[in-house]
Amino acid sequence: MTHTIIWFRKGLRLCDNPALLAAAVRATQLWPIFILDPWFVNPARVGHNRMLFLLDSLRDLDVQLRRLGSRLFVLRGQPQEVLEERFDTWQIGRLCFERDTEPYARDRDSRVSAYAQGRGIDVISPTAHTLFDPDLTIAAGGHAPATYSAFLRVLKKLGDPARPLDAPRDLPPPGECDPEAHGIPTLGELGYDVTDDRQPVHQGGETAGRERLNAYLSNQGRVASFAKPATDPTAFDPPSTTALGPHLKFGCLSARTFYHGVQDVYKEAGTHTEPPVSLLAQILWREFFYTLGYATPNYDRMEGNPLSRQIPWDDNPEYLTAWSEARTGYPWIDAAMSQLATEGWLHHLTRHCVACFLTRGDLWQSWEKGQAVFDRLLVDQDWSLNASNWMWLSASAFFHAYHRVYGPVSFAKKYDPEGRFVRHYLPVVARLPKEFIYEPWKAPLSVQRSTGCVIGRDYPGPIVEHEKVKTHNIERMRLAFEAARNTEVSRSTVLG
DNA sequence: TTAGAGTTGGCCCC
DNA sequence: GGGGCCAACTCTAA
């Protein structure tokens with residue numbers, strides 16, 4: 001006879017959910033709960049697209065739980081306080097939740113677990129957000145992997161991850177709780193501005209996630225020939241990649257479901273592309289970055305982060321604001337930032353372009369500032385992946401060919417010479433002829449006037465002269481690399 | 001100690 | 001669209 005709480009945070013699914021399965025075993029009453037933590041329910045930290053995706057996901061979870069005779073209870077407040085109260089009022093004997101390796105979650109969960117165990121409550125917290133337990137991955141390599149290739153070698157030792165677990169067939173009855181007070185709120189009830197009535201582009205929930213995965217996997221040729229660098233960043237209807245990031249972030253879809261879904265198509269197809277560019281490799285990149293985020297102190301900062309090169313970035317709030325508000329005067333960059341603001345999603349290579357532009361390429365602002373903007377706006381915001389990619393693009397870690405700079409004009413032109421993408425996401429440039437679409441300041445004034453895109457009135461001139469700052473920044477980066485090497489030499493001299 | 005490899009640049013030339 | 005050049009870093013295996 002055990003009163004049990006299954007505490008959903010990520011892992012918003014019934015399939016491949018070991019915490020849920022453990023909670024269902026011999027429970028007399030089961031409370032499936034989600035706690036709206038004020039830390040996250042904050043428009044300055046979690047943008048409205050991601051919050052909408054979360055609410056979608058909670059609704060889907062509730063519907064699925066109800067089919068099994070249960071339901072979801074949505075509670076509000078600081079999680080530890082909420083749980084401590086419920087442990088008492090519900091006479092809880094067991095607490096189950098999926099393990100979360102991000103710093104905020106680790107701190108929160110260790111305090112909750114310590115309190116619960118002190119009260120004699122069983123705590124069950126299996127790993128299911130990643131393919132493997134990161135402790136096992138690190139142990140198998142002897143230390144955290146330094147490169148993706150080294151990581152792949154470790155994975156070879158570990159073999160395939162377990163196949164995903166089935167969803168439970170039935171669930172214990174839900175515990176008693178005032179049903180009216182614990183429904184799923186609307187965005188407005190959470191204090192978000194809802195005057196913007198655009199429909200979200202990314203539909204949350206396990207049901208939508210599985211449909212999206214299955215639709216993608218149904219095209220065997222596309223799966224088998226997938227090569228990430230060859231996908232088109234300017235494609236938007238539909239995008240050229242799976243766009244399953246949001247579902248993986250919230251765990252509407254498990255990493256193992258994705259992994260084995262792709263593997264099964266590979267078996268049918270015979271030949272297929274290989275890491276690092278293949279579709280399967282994408283879930284392995286996620287795993288690699290999760291492992292490093294788990295193993296590395298201060299992973300989301302430059303200072304105190306042993307993986308991040310120490311670079312003397314400028315601090316120019318006007319540059320940062322212009323970049324984040326799509327006012328750099330470079331249509332490709334501004335259209336991308338507009339897509340980020342309105343939809344909360346960007347193609348991977350588009351993220352590269354705007355990240356390179358903000359950091360080492362053009363504006364020379366710290367990657368941490370770009371990371372913060374992405375953290376707020378991305379529907380698929382993921383702590384480990386976001387920090388990793390910002391370090392990558394700013395040449396702070398992983399990537400060292402700093403003289404390779406994305407051109408804010410040349411890059412997009414290569415994929416989209418007509419400018420379909422920028423016309424869609426940046427209407428102010430929509431009527432410009434294609435020869436000026438990526439460089440509107442070069443259009444004669446008569447053309448600017450007739451197309452309603454007068455520079456300085458309708459749209460800003462370029463915030464920096466790319467060719468000039470690029471050369472200067474490559475030199476600054478060369479000096480930063482040199483300084484880092486010298487620090488390394490003096491350190492090893494001191495240490496003998 | 002050294003050679004080779006590393007997810008995804010731009011530009012010029014053919 | 002494919003190849004070489006630009007100017008050149010870091011990690012790993014041998």
Side-chain angles (χ1 to χ4, degrees), chain A residues 141-157 225-235 239-242 245 262 272-289 292 296 306-311 330 332-333 336 346-357 359-362 385 388-417 438-439 465-489 491-492:
Chain A
H143 48 82
T147 62
Y148 187 64
S149 326
F151 175 71
L152 292 179
R153 282 192 293 275
V154 172
L155 286 196
K156 271 221 164 96
K157 283 194 213 170
S225 65
F226 185 93
K228 188 65 166 279
T231 57
D232 179 359
T234 65
S240 58
T241 52
T242 68
V262 174
H272 56 81
T273 50
E274 294 287 346
V277 300
S278 62
L279 187 57
L280 191 72
Q282 304 311 307
I283 202 73
L284 305 181
W285 277 104
R286 175 182 184 271
E287 191 81 5
F288 173 53
F289 288 144
L292 288 178
T296 312
L307 286 188
S308 177
R309 183 166 289 102
Q310 305 296 303
I311 294 169
Y330 284 96
W332 165 236
I333 301 298
L346 297 175
H347 183 279
H348 191 60
L349 290 178
T350 311
R351 301 183 196 204
H352 280 210
C353 288
V354 299
C356 183
F357 190 88
T359 58
R360 67 184 171 87
D362 296 81
L385 276 50
S388 304
N389 282 303
W390 275 97
M391 282 191 268
W392 188 297
L393 266 300
S394 61
S396 298
F398 311 115
F399 175 83
H400 317 289
Y402 56 79
H403 46 276
R404 293 187 184 178
V405 174
Y406 290 90
V409 172
S410 57
F411 186 82
K413 204 182 252 181
K414 190 170 61 184
Y415 293 92
D416 185 8
Y438 293 111
E439 301 165 284
E465 205 179 314
H466 173 71
E467 293 308 325
K468 227 181 225 173
V469 296
K470 175 182 112 172
T471 309
H472 178 53
N473 289 344
I474 288 175
E475 175 60 13
R476 286 211 263 190
M477 198 52 93
R478 191 185 66 73
L479 293 171
F481 271 63
E482 196 174 87
R485 266 196 310 276
N486 292 338
T487 308
E488 203 49 49
V489 167
R491 189 182 297 152
S492 51

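Chain A is the first sequence line, chain B the second, and so forth, proteins listed ahead of strands; every chain is numbered from 1.
In terms of heavy atoms, A:Asp362 sits closest to A:Asn473 at O-ND2, 3.2 Å. Between A:Ile333 and A:Cys353 the shortest heavy-atom distance is CD1-O, 4.0 Å. Closest approach of A:Arg309 and A:Ala395 over heavy atoms only: NH1-O, 3.0 Å. Among all heavy-atom pairs drawn from A:Ala281 and A:Pro276, the shortest one is CB-O, 3.4 Å.
Between A:Asn389 atom CG and A:Arg351 atom CZ the span is 8.0 Å, to the nearest 0.5 Å. From A:Thr359, atom OG1 reaches atom CE of A:Met391 across 12.5 Å, with rounding to the nearest 0.5 Å.
Residue contacts shown for A:Arg351 are absent, as no nucleic acid heavy atom lies under 4.0 Å away. When heavy atoms are screened at a 4.0 angstrom cut-off, A:Ala401 is found touching no nucleic acid atom at all.
Distance CZ (A:Phe481) to C1' (C:dA7): 13 Å, rounded to an integer number of Å. Between the C1' atom of C:dT12 and the NZ atom of A:Lys156 lies a distance of 16 Å, rounded to the nearest Å. The distance between atom OH of A:Tyr402 and atom C1' of C:dT10, rounded to the nearest whole Å, is 12 Å. A:Glu482 places its CD atom 10 Å from the P atom of C:dA8, with the value rounded to the nearest Å. Look at CZ on A:Phe398: it is 17 Å from C1' on C:dT12, rounded to the nearest Å. Note: CD1 (A:Ile474) to C1' (C:dA7) measures 9 Å, nearest angstrom. Rounded to whole Å, atom P of C:dG1 lies 17 Å from atom NZ of A:Lys413.
Comparing B:dT7 with C:dC6, their P atoms are spaced 24 Å from each other, to the whole Å. When the C1' atom is compared between C:dG4 and C:dA8, the two are found 16 Å apart, to the nearest whole Å. Nucleotides B:dT8 and C:dT12 are separated by 22 Å at their C1' atoms, to the nearest Å. B:dC11 sits 22 Å from C:dC9 when the P atoms are compared, rounded to a whole Å.
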Extract all donor-acceptor atom pairs below 3.5 Å that involve side chains of residues 397-413 of chain A and protein atoms in other chains or at least two apart in sequence.
unit_1, atom_1, unit_2, atom_2, d
A:His400, NE2, A:Phe398, O, 3.4
A:Tyr406, OH, A:His352, ND1, 2.9

Trace of the side chain to side chain contact (heavy atoms under 4.5 Å, CB included) decision for A:Thr242 with A:Leu279: CA-CA 9 Å; A:Thr242 68; A:Leu279 187 57; 3.9 Å; yes

Annotated protein contacts, base or backbone, on nucleotides 5-14 of chain B with a non-hydrogen cut-off under 4.0 Å, one of B, S, - each: --BBBSS---

Secondary structure string for DNA chain C (Watson-Crick or G-U under 3.5 angstrom, | for other-strand pairs): ||||||..||||||

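Residue A:Arg309 has no polar side-chain atom (N or O) positioned under 4.0 Å from OP1 or OP2 of C:dC9. One finds a side-chain N or O of A:Arg485 lying less than 4.0 angstrom from the OP1 or OP2 phosphate oxygen of C:dT10.
For the pair A:Phe151 and A:Glu287, the minimum side-chain heavy-atom distance is below 4.5 Å.
A:His347 and A:Thr231 form a side-chain donor-acceptor contact under 3.5 Å, judged by distance and modelled atom types alone.
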